[in-house]
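Okay, structure first, notes after.
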Amino acid sequence: MPESTHDRDSLYREATAVLQRFYGHKSFRPQQFEIISKVMRGHDCVVLMPTGGGKSITFQLPALLQDGCAIVVSPLIALMKDQVTALIANGIPAAMLNSAQSDAENRQVIEGLNHGHIKLLYISPERLLTEIDHWGDDAPVSLFAIDEAHCISQWGHDFRPEYTQLACIKRRYPHVPVIALTATADRLTRDDISQQLALKNPRLFISSFDRPNISLRVVSNPGKSKRVAMICSLIDKYAEDSGIVYCLSRKNAETLCTDLTNRGYRAAVYHAGLTPVQRDKAQQAFIDGELQVICATVAFGMGIDKSNIRYVVHNNLPRNIESYYQEVGRAGRDGMPAEALMFYSFADIAALQSFIDESGRQAINAEKLTRMKEYAEATVCRRRVLLSYFNEETDHDCGNCDVCLDPPERIDGTVIAQKALSAMARIGEQAGITMLIDILRGSARAELIAKGFDRIKTYGAGRDMSFAQWSAYLSQLLQLGIIEIRYNESNHLKITPYGRKVLAGNTPVQLAKFYYHQPQTSKTRTEPHPSATRRRTETPTPPAELLSELKRVRTAIAKIQGIAPYMVFSDKTLSDMARQQPTDQKAFLDIDGIGEKKSALYWRHFSRAIRKYRGTD
Ligand code: ADP
Ligand code: ZN
């Protein structure tokens, strides 16, 4: 059934009105409306968008625009509560069912559900699996949203077995659309999501994962005092804003925090060893801007909607690129320049290795750690490494990472790349890295001969280079997105679409020269690519005095209502308010992030502060 322009236009008008009314946003971000309209037409969708990209609206609006209740499956009970509270604060009837609530509370929710009072129900996967059996075939469910959908894939970094049973949704309700959402997924995970959820001809939406405003830097084994000095200089540089330092262990986080507080900085720790009350307190102080920096283990930062985090430091090597990029992505959500700094040492690798050995998923986790380590040691643009990792094609250096700003000596690697690609093509892409190098170097080992790989034309074509050299160059080809590793096919190497262009001779390849001993002797600086600076939007800074008064008002309201300040208004909304200084309620409603309910509730409080500042009170 083709979609008529008329239908589309009227849906667009209706959706925009709801977006303004409940969320106070004027327009959709790229792809949001497309996704909404597909879901509304009953299509299954897979949505890949980076953290902060605006995924929630893509299932919340269809829920609001249709009859019935949307079921949102989410693995993180701690976050569920925040999401539900935030929805209610916007005037949207939402509720949750999970083991963290009392039986009485859960019963009340089911009651509300039966009476059709709830538009969005958040539920844990375990709970859904038991609950769904009690629902009738004609239960008024408008859609199912599967949040953090990468948890379904054993190739992902956060596999959760209970997710693998969610195919029951499609079996039970074949005609209700399912929308799966995640902020981290490579091609493999993405395919796995559609397959395991048994989605029917799903529409795929992939936003760019590029965050050009975040600069990337890695410092290898700096030693403790230099490390602390570098962190201090970041805090000084952004004294009015805040940052996160991720540490591998609680002890590490505590030591660092003590170091920083001793130096007079406002710092706190956040890790799983704290009581829930202590954790809430630290998180709150961070959100309220009372802290400059938080020293945290990985447990920190999920679901925090704080847009002015200016830097994220990794005090140790993270365990995989997915987690790393998710954590980095918490910086600079407002689009203004932000920094990601990572320290790394061999001790980190040893520590991470021991986690892997206990994980029960050794092989895949070891692969992921290897890729992380390669990122740390990258000699090509780090952003290209990251984007290639998520199967996003990149054809230029970013100009905003340490490798781009201080590049190693380059050689023309086109022929090297073509030799490797040609060998891969001739053996039907049926070899891993070691076998490929052996073919290129003309090894006579038994397995190679048995497979007949010695009979291809490129056999021995790379004899002039050592094993170590090939290994370094292949790793660069991987990082540049010219080849990829298929974890689900015995780690065989495959040629990407970009690699095909290289093989066809249409695209030259620059590689960092391989050194036996000391790398890093650089002379030239590359000009940043225009796109590295293009997307940094410049906005005038709001008057600091008014902004802090508005923040005080926000804190007071949050205390009275018992919700987090960012659920009252985000930092961005307050900054806009301080800049625009609305003098009537209509202008107040015009600010991004202010919908009808919040305008009605809060206008009086904020307008008083604005009038006072303008001297019109
Ligand atoms: P994700 O779930 O992808 O991490 P969210 O859905 O939480 O992201 O959205 C991140 C932020 O972006 C929120 O503060 C949200 O209010 C804001 N946002 C989402 N869509 C829009 C929009 N169309 N216009 C303005 N802000 C938006
Ligand atoms: Zn770069």
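Indexing begins at 1, ligand by ligand and atom by atom, following the structure's order.
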Close approach of R29 to ligand 1, heavy atoms, under 4.0 angstrom: yes
E34 bridged to R8 by N-O distance under 4.0 Å: yes
S56 N/O under 3.5 Å from ligand 1 N/O: yes
Proximity to ligand 1 by part of L181, non-hydrogen separation under 4.0 Å: neither
For D44, all residues meeting salt bridge (charged side-chain N to carboxylate O under 4.0 Å, His left out), sequence neighbours excluded: K170
Worked verdict on Y324 versus Y246 for ring pair (Phe, Tyr, Trp, His ring centres under 6.0 Å): CA-CA 10 Å; Y324 169 71; Y246 284 107; 9.8 Å; no
Partners passing side chain to side chain donor-acceptor pair (under 3.5 Å) against T555 (at least two apart in sequence or in another chain): none
Proximal atoms of ligand 1 relative to F28 (non-hydrogen, under 4.0 Å): 23 (N)
Side chain, backbone, both or neither: the part of K55 lying under 4.0 Å from ligand 1 by heavy atom: both
Per-residue contact class, P50 against ligand 1 - non-hydrogen pairs under 4.0 Å: backbone
Sub-2.8 Å protein N, O or S atoms surrounding the Zn ion (ligand 2): C381 SG, C398 SG, C401 SG, C404 SG
Q32 contact mode with ligand 1 (heavy-atom cut-off under 4.0 Å): side chain
Least distance between heavy atoms, T414 atom then V509 atom: OG1-N, 3.0 Å
Ring-face cation contact, Y375 with R382, 6.0 Å cut, 45° max: yes
Contact (N/O only, under 3.5 Å) between G54 and ligand 1: yes
For L143 against A145, the heavy-atom pair lying closest together: CD1-N, 4.0 Å
Anything under 3.5 Å between a donor and an acceptor, one on a side chain of residues 588-597, the other on a protein residue two or more places apart or in another chain? List them.
residue : atom : partner : partner atom : Å
D592    : OD1  : H25     : ND1          : 2.7
D592    : OD2  : K572    : NZ           : 3.3
E596    : OE1  : R21     : NE           : 3.3
K597    : NZ   : I88     : O            : 3.0

Ring center gap for F144 and F59 short of 6.0 angstrom: no
Contact with ligand 1 for S27, non-hydrogen, under 4.0 angstrom: yes
Contact with ligand 1 for S570, non-hydrogen, under 4.0 angstrom: no
Nearest heavy atoms of A70 and A63, plus distance in Å: CB-CB, 3.5 Å
From D186, D192, D191, residue fulfilling side chain to side chain donor-acceptor pair (under 3.5 Å) relative to T189: D186
